[in-house]
Structures are given as C-alpha cells and as structure tokens.
Chemist: 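Once you've had a glance at the structure underneath, I'll fire off some questions.
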Amino acid sequence: MKLKNIINSVMAMAAMLFSFNISATEPAAKSDDNMKSIIVYFTHSGNTELAAEKLAQVTGAPIMRIFPAEPYSAEDVDWVNEQSRCTQEHLNQTLRPAIKPLDVDFSQYDTVYIGFPIWWHEEPAVIRTFLDTTDLEGKQLYPFCTSYESPMSEADATL
C-alpha cells in the first residue's frame, strides 16, 4: 500500500512537471531575475510533502508547510465515517479550520505553488482557509496535488 502511494505521488509530480514545462534536471527558467517563488503545502500522510520537496529541488524555491491549528487525527480523515472532520468539512463548504500562522512575507514572492492532498475530490478545507486568509493578489498561483485516485481536475472547480 505504501509503495502504491509513493508511486502515485511520483506520478502526480511527473504530471505536474510536464504541465508546467519544468525540466526535471534544471531549475525552472525565470523570465525576470527579480521573480521569486515559494512552495506552500498541506500534508497529512506525508505524500504531498514529498511532492513539495521534489518541486523545491527542481525550482530552487523555499518550502513552507501549512499546519492546521488542530491537527487531523486518523479518525478525522476517515472519509467513510459521515461524522468525521474531513467529511463534515466537505459537506459544509463554509467551514474554515484555523491554521497556524505562516512566517512568510508573501509580498516578496511573485509565484506561489500550493500543494495539497485530494480529499473528497477537492482540496482540504485548510487550503481554503489559507486562500481566504492570505493576500495573494497579483501572484501567479500553481496548485499541485497528490491523490490515490482522484485527478486534480476535480479540485479545479472548488479552487
């Protein structure tokens, strides 16, 4: 099972690298030497963290992890339990779980890569919290995700 998750993460990264035209051997070319990128991500199982680290190797961008103020337990992400936290956050799209403050001045960055696992065919609610509470006006945003079976295109509608 763990090998399958790693393979899916690698496949997601390969798809992302292909879609962004990023070389796997060289950092992405920048059109302006003053442009800066940062990678922010949320992970529960660690797969998205692996993808963020690979993206950082390719782009040279720093990475910053988004932490929920109340960490998700295994029971919280039990999608077959209708009362689980992730299910309730999916059913009520207005829920915005608190996140720990990020020690980042986003005004210093032009490009923000946003990584997350796919939960319920969409981004987790903590990503919506991040997007709602962070001034990203004028930034180029590039989402990337990891998933056992759901494609990124399903999260596009909610992002």
Side-chain angles (χ1 to χ4, degrees), residues 1-20 22-25 27-28 36-91 93 95-104 106 109 111-134 136 139 141-159:
M1 182 76 154
K2 188 162 179 89
L3 178 59
K4 192 170 191 176
N5 287 341
I6 292 170
I7 290 170
N8 285 332
S9 293
V10 170
M11 290 175 63
M13 279 302 301
M16 183 201 60
L17 292 174
F18 178 75
S19 68
F20 293 144
I22 296 173
S23 166
T25 57
K36 289 183 164 183
S37 299
I38 188 168
I39 301 161
V40 294
Y41 70 95
F42 165 71
T43 192
H44 174 69
S45 67
N47 290 330
T48 306
E49 183 169 49
L50 292 173
E53 289 170 352
K54 293 287 185 192
L55 182 58
Q57 290 173 1
V58 171
T59 63
I63 60 176
M64 178 67 62
R65 182 173 174 176
I66 299 169
F67 288 96
E70 180 184 335
Y72 288 88
S73 67
E75 293 80 23
D76 289 336
V77 297
D78 180 4
W79 62 272
V80 297
N81 176 354
E82 291 183 11
Q83 299 307 311
S84 73
R85 188 170 157 197
C86 76
T87 301
Q88 291 302 306
E89 291 171 353
H90 163 69
L91 294 173
Q93 292 284 308
L95 292 177
R96 297 294 186 267
I99 59 175
K100 293 183 179 180
L102 296 174
D103 188 21
V104 165
F106 283 97
Y109 298 97
T111 302
V112 181
Y113 296 93
I114 305 170
F116 53 88
I118 297 287
W119 288 0
W120 277 103
H121 304 280
E122 62 194 19
E123 74 286 349
V126 294
I127 293 298
R128 292 191 294 270
T129 299
F130 168 75
L131 292 171
D132 287 351
T133 60
T134 307
L136 300 173
K139 311 287 183 222
L141 305 178
Y142 294 102
F144 65 97
C145 68
T146 55
S147 175
Y148 181 70
E149 62 185 41
S150 301
M152 174 94 180
S153 60
E154 294 188 23
D156 287 346
T158 55
L159 283 175

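Worth saying up front: this structure is predicted, and the values here are computed from it rather than measured.
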Chemist: Output yes when a side-chain donor or acceptor of R128 lies under 3.5 Å from a complementary backbone atom of E123, and no otherwise.
Modeler: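 Confirmed, R128 side chain pairs with E123 backbone.
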
Chemist: Checking side chain to side chain contact (heavy atoms under 4.5 Å, CB included) for the pair T146/I118: CA distance, chi angles, key distance, verdict?
Modeler: CA-CA 6 Å; T146 55; I118 297 287; over 6 Å; no

Chemist: Is there side-chain contact between I38 and V104, with at least one heavy-atom pair below 4.5 Å?
Modeler: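 The answer is yes, as the side chains (C-beta and beyond) meet within the 4.5 Å cut-off.
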
Chemist: Using the rule given for side chain to side chain contact (heavy atoms under 4.5 Å, CB included), can you reason through L136 versus F130, listing the C-alpha separation, both sets of side-chain angles and the distance that settles it, and then say yes or no?
Modeler: CA-CA 10 Å; L136 300 173; F130 168 75; 4.0 Å; yes

Chemist: Ignoring hydrogens and angles, tell me if any N or O in the side chain of D76 forms a donor-acceptor pair with the backbone of S73 under 3.5 Å.
Modeler: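 Yes: the side chain of D76 pairs with the backbone of S73.
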
Chemist: Any idea which heavy atoms bring W79 and T87 closest together, and the distance?
Modeler: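 The pair with the smallest heavy-atom distance is O-OG1, 3.5 Å.
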
Chemist: Nearest 0.5 Å please: distance from the NZ atom of K139 over to the NZ atom of K36.
Modeler: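 Those atoms lie 11.0 Å apart.
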
Chemist: Please enumerate all residues that pass side-chain hydrogen bond (donor to acceptor under 3.5 Å, both in side chains) together with D132, with sequence neighbours excluded.
Modeler: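 Here the qualifying residues are R96.
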
Chemist: How close do E49 and Y41 get, heavy atom to heavy atom, and via which atoms?
Modeler: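 So the two residues come closest at OE2-OH, 2.8 Å.
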
Chemist: Specify the closest pair of heavy atoms between N81 and Q83, including all atoms of both residues, with the distance to one decimal.
Modeler: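 Taking N81 first and Q83 second, the nearest heavy atoms are OD1-N, 2.8 Å.
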
Chemist: Taking the side chain as everything from C-beta on, heavy atoms only, tell me whether F42 gets closer than 4.5 Å to T48.
Modeler: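 A side-chain contact under 4.5 Å is absent here.
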
Chemist: List the steps, then state whether side chain to side chain contact (heavy atoms under 4.5 Å, CB included) holds for C86 with W120.
Modeler: CA-CA 8 Å; C86 76; W120 277 103; 4.0 Å; yes

Chemist: Report yes if the side chains of P117 and S45 come closer than 4.5 Å at any heavy-atom pair, otherwise no.
Modeler: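 Sidechains of S45 and P117: no contact.
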
Chemist: For a 4.5 angstrom cut-off between non-hydrogen side-chain atoms, does F144 reach I114?
Modeler: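 No; the side chains remain at least 4.5 Å from each other.
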
Chemist: Between T59 and L55 (side chain of the first, backbone of the second, donor and acceptor by atom type, cut-off under 3.5 Å), is there such a pair?
Modeler: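 Pair found, side chain donor or acceptor close to backbone of L55.
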
Chemist: Enumerate, atom names and distances included, each donor-acceptor pair closer than 3.5 Å involving a side-chain atom of residues 60-72, sequence neighbours excluded.
Modeler:
residue, atom, partner, partner atom, Å
R65, NH2, T43, O, 3.3
Y72, OH, E89, OE1, 2.8
Y72, OH, E89, OE2, 3.2

Chemist: Are side-chain heavy atoms of Y113 and L141 found at a separation under 4.5 Å?
Modeler: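 Heavy-atom side-chain distance check fails, nothing below 4.5 Å.
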
Chemist: For E122 and Q93, does a side-chain donor sit closer than 3.5 Å to a side-chain acceptor?
Modeler: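 Indeed, the side chains of E122 and Q93 share at least one donor-acceptor pair under 3.5 Å.
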
Chemist: Take Y142 and V112 through the side chain to side chain contact (heavy atoms under 4.5 Å, CB included) test and state the conclusion after the steps.
Modeler: CA-CA 6 Å; Y142 294 102; V112 181; over 6 Å; no

Chemist: Below 4.5 Å, heavy atoms only, C-beta onward: do S147 and H121 meet side chain to side chain?
Modeler: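 Counting from C-beta outward, S147 and H121 never come under 4.5 Å.
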
